[in-house]
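Residue indices begin at 1 and follow the sequence shown.
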Amino acid sequence: MVKFKESLLEYTALIVLFGLFCWLHFDRLTADLWNDELYSIKEFVLAPIGKTLTDYHSPNNHIFFNFINNLYLKVIGIHDLSTLIEHPVILRIISAIYGFFTWVFLYKIGKSVQGKWLGFTAIIILATTLPYWTFVFQLRGYGLSMLLITMLSYFALSYLNEPKYKHLPFVSVCTLLLFYTTVITLYSICGILTGLGILFIFTLSKKKSSKPFLFLLFAIFVGLFAGLLLYSPVFSRVFANEFVHAGIPFQFDHLFNIGRALLHDVLSNRWALFVLIFAGIIFAKGFLRKNGKILLVMMCTAITPLLIVFVRGDATPMRTFSVLLPIISMLIAMSILPIQKILNSRFQWIFPIILSTYCLFISSQENQNVKIKLLRDLSQGIRSQNLYYQYYSAHYQPLEDLKRFNERWNDNHTPLVLVGCEPFGAPYFLEQQNIQFLKEDSLSNYYKANDRIFILTNFPNKLEVPTGWSMEVLNEPLTYHNFILLTRNR
């Protein structure tokens, strides 16, 4: 009964904390759909299920993720893109559910390793990592992959702590679904296999029983094999497309640049964590002795993808590393745990409060810095899309901008020409608002036939205005969808 009450209190705290997280980032939860999301929804979600499972003409099809969304929309009776453009939260709420259960399993890992405060510390670090709350609500497979890799880690580590066969089916299923969600997670799965393989060899050398590691390795390979079977209808398009070709291997500058960027993005300007990590390592002797196997597996999970990219020379987008954020957050929490353990047991709860206050303050500052940087990008004609800065993270509000255009300026006579923006972004919003538009490839012809022209563009300062015409930016401040009025001079 006492354990039940304690668990109830803990999970209530998780629900409250995640609710607070959603409230703080409500703008992300309700954000307008962007290019890749729109393309995925149109091509693979609002489509027959057979197409979702067997069409891989684009890596945008994160198959298991899109399959769930496809079923969900069919169950609630939504079959048109227009409704989702107007109410993106209908789908983002599913991503939020993945986010909540990622917290649950991250907490369970921490609690099983060293107690509840490790679990809460890992959640604090994850929740205030800027790329995490950029990706967690996205309608791409990364949020679901974060959940699945956290679940896989939990069940694998549970088996290491207590080798009971009941954990192995969960290991296989999590491996299968993770692999079937985003194929690039194969790198992370290889990291887990690497850590387990090292432990397996070590136990053999010590002439100890290696059965637990052998069974765990087998369970993961079963999941991978099942994933390959599911990929069989699209095997060649998944594993032999232009995006998976290897580049120039063993480029140390490439490894250094990716590692440096990942370190910056994960720390999110919380450089005090760096100091705490080093201080924690100094006092970590007893902790390392007790949790060495778990630390090794998690470190291999985080580091192996970087090494594979180094060996293959992949031009891997930084966003593919987003799935590692829960694992890295737990590693950071485990590194600084010895500092917390120095405190008297009655006062250990103070540490997470101080840490969360610091992390919340820094993440709030970084959020503002990102908005400032993206606004500067708009004025300079720069389109950012990496793990830290994405053009759609701020000043991206096409639905609001187009509604304002219809209310204030659209006279249904002056032609509107789309210049730039996103090929699978602005056109869908324009159609949803019933706004007629023309493509920019014939812009010179429109100058000859009209005295007034509306331009919709993401980078107004890069727009070339012909001689004899004047330009007026109708919306201020700049957003990713700006309306320009060009008028012929009299």
Side-chain angles (χ1 to χ4, degrees), residues 2-25 28-29 64-65 68 72 92-129 131-133 135-138 141-162 164 166-178 181 185 188 192 291 294 297-298 301-302 322-334 337 349 352 355-356 359:
V2 173
K3 285 188 176 180
F4 173 77
K5 288 182 178 179
E6 185 178 348
S7 296
L8 183 63
L9 184 63
E10 290 167 3
Y11 287 110
T12 301
L14 286 173
I15 292 171
V16 170
L17 287 173
F18 193 78
L20 177 61
F21 175 81
C22 291
W23 177 72
L24 288 172
H25 300 291
R28 311 269 177 168
L29 185 60
F64 183 58
F65 175 81
I68 293 174
Y72 165 66
R92 295 200 192 280
I93 197 69
I94 301 299
S95 294
I97 292 171
Y98 299 148
F100 171 70
F101 282 103
T102 300
W103 285 29
V104 169
F105 280 94
L106 192 63
Y107 174 77
K108 287 168 74 72
I109 291 173
K111 187 177 180 180
S112 66
V113 171
Q114 198 68 31
K116 60 186 177 183
W117 293 121
L118 177 59
F120 281 120
T121 300
I123 287 172
I124 290 166
I125 293 168
L126 178 66
T128 55
T129 300
Y132 172 71
W133 36 268
F135 281 89
V136 66
F137 298 125
Q138 276 193 27
Y142 303 116
L144 177 57
S145 295
M146 288 187 221
L147 167 60
L148 291 170
I149 197 170
T150 308
M151 290 177 65
L152 172 57
S153 299
Y154 170 72
F155 288 115
L157 297 177
S158 296
Y159 183 77
L160 286 180
N161 283 333
E162 190 179 11
K164 291 187 176 179
K166 67 179 182 179
H167 299 301
L168 296 178
F170 293 104
V171 169
S172 294
V173 170
C174 289
T175 302
L176 161 64
L177 298 181
L178 176 62
T181 299
T185 55
S188 303
I192 297 175
N291 300 287
I294 294 172
V297 173
M298 298 192 77
T301 306
S322 63
V323 300
L324 296 172
L325 292 175
I327 304 303
I328 296 173
S329 297
M330 179 55 71
L331 280 170
I332 294 173
M334 292 171 74
L337 181 68
W349 58 270
L355 182 68
S356 60
C359 288

What is the minimum heavy-atom distance between C174 and M151, and which atoms define it?
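Residues C174 and M151, closest heavy atoms: SG-CB, 3.7 Å.
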Ignoring hydrogens, what is the shortest heavy-atom contact between P326 and T102? Give both atom names and the distance.
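Of all heavy-atom pairs spanning P326 and T102, the closest is CG-CG2, 3.9 Å.
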Quick one: pull up [atom1] in [X] and [atom2] in [Y] and give me the separation to the nearest 0.5 Å.
X: S322; Y: F135; atom1: OG; atom2: CZ; result: 5.0 Å
X: F21; Y: L29; atom1: CZ; atom2: CG; result: 9.5 Å
X: M330; Y: L126; atom1: CE; atom2: CG; result: 9.5 Å
X: I109; Y: I327; atom1: CD1; atom2: CD1; result: 5.5 Å
X: L355; Y: I124; atom1: CG; atom2: CD1; result: 5.5 Å
X: Y107; Y: Y154; atom1: OH; atom2: OH; result: 11.5 Å

Can you classify the ring geometry of F18 versus F100 as parallel (below 30°), tilted (30 to 60°) or perpendicular (above 60°)?
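Ring orientation, 0 to 90° scale: perpendicular.
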Would R28 and V136 satisfy side-chain contact (heavy atoms from CB on, under 4.5 Å), going step by step from the backbone distance to the final call?
CA-CA 9 Å; R28 311 269 177 168; V136 66; over 6 Å; no
Under 3.5 Å: donor-acceptor pair, side chain of S145, backbone of V323:
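Not at all, since once roles are kept as given, no pair shorter than 3.5 Å links the two residues.
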F64 backbone acceptor or donor facing T181 side chain under 3.5 Å:
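Flag not set: sc T181 to bb F64 has no pair under 3.5 Å.
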Taking the side chain as C-beta and beyond, is there a heavy-atom pair between F155 and P169 under 4.5 Å?
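Result no, sub-4.5 Å side-chain heavy-atom pair not found.
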Take atom OH of Y72 as the centre, draw a 6.0 Å sphere, and report whether it contains more than 12 heavy atoms from other residues, nucleotides or ligands.
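Atom OH in Y72 is packed in, count exceeds 12.
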Does V113 form a side-chain contact (heavy atoms from CB on, under 4.5 Å) with L337? I'd like the steps, not just the answer.
CA-CA 11 Å; V113 171; L337 181 68; over 6 Å; no
